[in-house]
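Down below is the structure, laid out as C-alpha cells.
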Amino acid sequence: MVAEAGGSILIVDGQRDVVIARADDSGFVLRLYAAGARLVLDGSSARGCGRADRSHAVTRNSDPDFGRSAR
C-alpha cells in the first residue's frame, strides 16, 4: 500500500499490523486510503517524530570535569 501510494516505509511492526511511513507530498494520505489502508494517523504532531531541531542538541563533552570524587 505504501509503495502504491508513493511513500517510503520507515518501520514495520508485524505483530500489531502497524506501518510507519512517510511521503513528501500532500496527497499521500488519500492515496493510502485508496490503496486499502484502514486507518491513517498524522505523526507530524507526535513528540519524537519528524526531524529534530539540532540547534539545541546536547552534545557529549570530549573532556568532562567529574570533580574530585571521580579522581
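Position 1 is the first residue of the sequence, and the numbers go up from there.
Both Phe28 and Val12 are members of a single hydrophobic cluster when ILVMFWY side chains are connected at heavy-atom separations under 4.5 Å. Cluster membership check: Val2 shares its hydrophobic cluster with Val40, using side-chain heavy-atom separations under 4.5 Å among Ile, Leu, Val, Met, Phe, Trp and Tyr.
With values rounded to the nearest 0.5 angstrom, Leu39 atom CG is found 12.0 Å from Asp17 atom CG. Separating the CD1 atom in Ile9 from the CD1 atom in Ile20 is a distance of 11.0 Å, to the nearest 0.5 Å.
Closest approach of Leu32 to Met1, counting heavy atoms only: CD2-O, 4.0 Å. Residues Ala23 and Gly7 come closest through the heavy atom pair CB-CA, 3.9 Å.
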